[in-house]
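Report on the following structure.
None of these values were measured; they are calculated from a predicted model.
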Amino acid sequence: MASQNSSASGSSQNTGPGNHLYCYHNEIAPLRVVRFQGPKMGKRFYGCSFWPRTCGFFRWADEVNDEREMRFLLLEKDTKIAELEHEIDMLQLKLKEVETKNAELEDLVHEVGIECTERRLIMESASADKKMGLYLVASWILFAIMFWLV
């Protein structure tokens, strides 16, 4: 229910529901005002609820407000960090999907390259066969012409 926080003097304090400060007796620390003459006169502070039989709890009111602002800023930062971590997780999943698809496409390109090479070799072989056939027919025709001329 209560959480420990460090104060400027090195002691700790409890805060509870409704942003009340609690002294070390776990009682609400009342807001008081310095009434003694001096430079701190009129300054507000939180002290032990059992004063003068005090537990030693003391906080300046302006430090408490600064601390609350810092806690709010810390909460905002923690929220932003959580959002960014979630975004990182989502991007890592998307990266894995893209890497998987990239590997599949690389395999497909490799297979298509092999098929293209095989077809080119078949076409070159067919072209060579055609050339041989033409040379054979041309040589027979030339042989026939020479045979009739003689």
Side-chain angles (χ1 to χ4, degrees), residues 1-140:
M1 176 175 129
S3 62
Q4 291 285 335
N5 300 311
S6 63
S7 68
S9 65
S11 60
S12 60
Q13 69 175 6
N14 292 332
T15 58
N19 291 327
H20 293 292
L21 291 179
Y22 289 79
C23 72
Y24 303 127
H25 292 113
N26 211 18
E27 298 288 331
I28 293 177
L31 182 62
R32 303 174 192 263
V33 177
V34 175
R35 299 197 191 284
F36 299 108
Q37 285 290 2
K40 305 268 185 196
M41 183 173 176
K43 192 167 181 179
R44 300 177 333 148
F45 68 94
Y46 292 93
C48 177
S49 58
F50 293 113
W51 188 84
R53 191 175 44 110
T54 180
C55 64
F57 177 77
F58 175 86
R59 288 294 300 245
W60 291 112
D62 57 352
E63 290 176 2
V64 171
N65 290 335
D66 289 345
E67 184 177 318
R68 287 180 182 153
E69 288 176 21
M70 289 298 142
R71 283 189 189 152
F72 178 74
L73 290 173
L74 182 62
L75 179 64
E76 283 183 332
K77 298 295 181 187
D78 286 344
T79 303
K80 183 66 176 176
I81 288 170
E83 290 172 354
L84 291 172
E85 287 173 343
H86 177 70
E87 186 176 341
I88 287 170
D89 291 342
M90 298 306 292
L91 288 172
Q92 286 174 339
L93 287 173
K94 193 170 189 176
L95 177 62
K96 286 180 182 177
E97 290 174 2
V98 168
E99 287 174 341
T100 302
K101 187 163 187 165
N102 186 37
E104 291 171 358
L105 290 174
E106 285 177 351
D107 290 344
L108 183 62
V109 166
H110 182 71
E111 290 173 13
V112 168
I114 290 172
E115 287 180 24
C116 287
T117 302
E118 289 172 351
R119 290 181 189 255
R120 184 176 51 85
L121 290 173
I122 290 169
M123 290 173 58
E124 287 176 356
S125 175
S127 175
D129 289 346
K130 284 182 186 177
K131 285 181 185 175
M132 286 299 278
L134 284 175
Y135 291 144
L136 185 61
V137 169
S139 66
W140 285 1

Does CE in Met123 sit with more than 12 non-hydrogen atoms of other residues, nucleotides or ligands closer than 6.0 Å? no
Pairs involving residues 121-134, ordered by first then second residue, that meet side-chain hydrogen bond (donor to acceptor under 3.5 Å, both in side chains) (sequence neighbours left out): Arg120-Glu124
For the atom pair CG (Leu84) and NZ (Lys77), what is the distance rounded to the nearest 0.5 Å? 10.5 Å
How long is the gap from CG on Leu93 to CD1 on Ile88, to the nearest 0.5 Å? 12.0 Å
Are the side chains of Lys43 and Asp62 in touch, meaning some heavy atoms are under 4.5 Å apart? yes
Check side-chain contact (heavy atoms from CB on, under 4.5 Å) between [X] and all other residues, then give those that pass, not counting sequence neighbours.
X      : answer
Leu134 : none
Leu136 : Ser139, Trp140
Lys94  : none
Thr79  : Leu75, Glu83

What heavy-atom pair brings [X] and [Y] nearest, and what distance separates the two atoms?
X     : Y     : value
Phe45 : Val33 : CE2-C, 3.8 Å
Cys55 : His25 : CB-CE1, 3.2 Å
Ser49 : Cys23 : OG-SG, 3.8 Å

Could I get the full list of salt bridge (charged side-chain N to carboxylate O under 4.0 Å, His left out) partners for Lys40, not counting sequence neighbours? none
Could you pull out all residues at least two apart from Glu85 that satisfy salt bridge (charged side-chain N to carboxylate O under 4.0 Å, His left out)? none
What pairs of donor and acceptor atoms, side-chain ones from residues 103-119 against any protein atom, are under 3.5 angstrom apart with sequence neighbours left out?
{"unit_1": "Thr117", "atom_1": "OG1", "unit_2": "Gly113", "atom_2": "O", "d": "2.9"}

Could you tell me which residues satisfy side-chain hydrogen bond (donor to acceptor under 3.5 Å, both in side chains) with Arg35, sequence neighbours excluded, listed by chain and number? none
Using the rule given for side-chain contact (heavy atoms from CB on, under 4.5 Å), can you reason through Glu27 versus Phe50, listing the C-alpha separation, both sets of side-chain angles and the distance that settles it, and then say yes or no? CA-CA 9 Å; Glu27 298 288 331; Phe50 293 113; 3.7 Å; yes
If you take the centroid of each ring, where Trp contributes its six-membered ring, are Phe57 and Tyr46 closer together than 6.0 Å? no
